[in-house]
Amino acid sequence: MNNHNKIKKILLLTVMGSLLLLGHASYLKNQREKRQKVNKVIEEAKQSLAVVEASPHQFRQIGTVTPGTHAKHDTAL
């Protein structure tokens, strides 16, 4: 009976260790995917900023009025 208990303990520790490693691997994969998404957003923002900086005359600040025109305000809600 003593060998039977040892086998049970070893099997239990093996299963628990496997689950721990699997959970940790899943966590690392999730973190890597999140980091890749953030890096993609940052890269797209840098590209957009480069486009705006290269041609600032094509973009005007929201809420500004071009000289010679009047600001239009929508008062109806």
Would you list the atom pairs, donor with acceptor, under 3.5 Å between side chains in residues 17-33 and any protein atom, with sequence neighbours excluded?
residue : atom : partner : partner atom : Å
Ser18   : OG   : Thr14   : O            : 2.8

Worksheet item: Side chains of Asn39 and Glu43: closer than 4.5 Å at any heavy-atom pair?
Response: no
Practice prompt. Could you pull out all residues at least two apart from Glu53 that satisfy side-chain contact (heavy atoms from CB on, under 4.5 Å)?
Written response: Leu49
Response to the item:
side-chain contact (heavy atoms from CB on, under 4.5 Å) filter on Glu44, not counting sequence neighbours, yields Lys40
Worksheet item: Got a sec, which hydrophobics cluster with Met16, joining ILVMFWY side chains under 4.5 Å apart, including via others?
Response: Leu12
Worksheet item: Linking Ile, Leu, Val, Met, Phe, Trp and Tyr by side-chain heavy atoms under 4.5 Å, what else ends up with Ile7?
Response: none
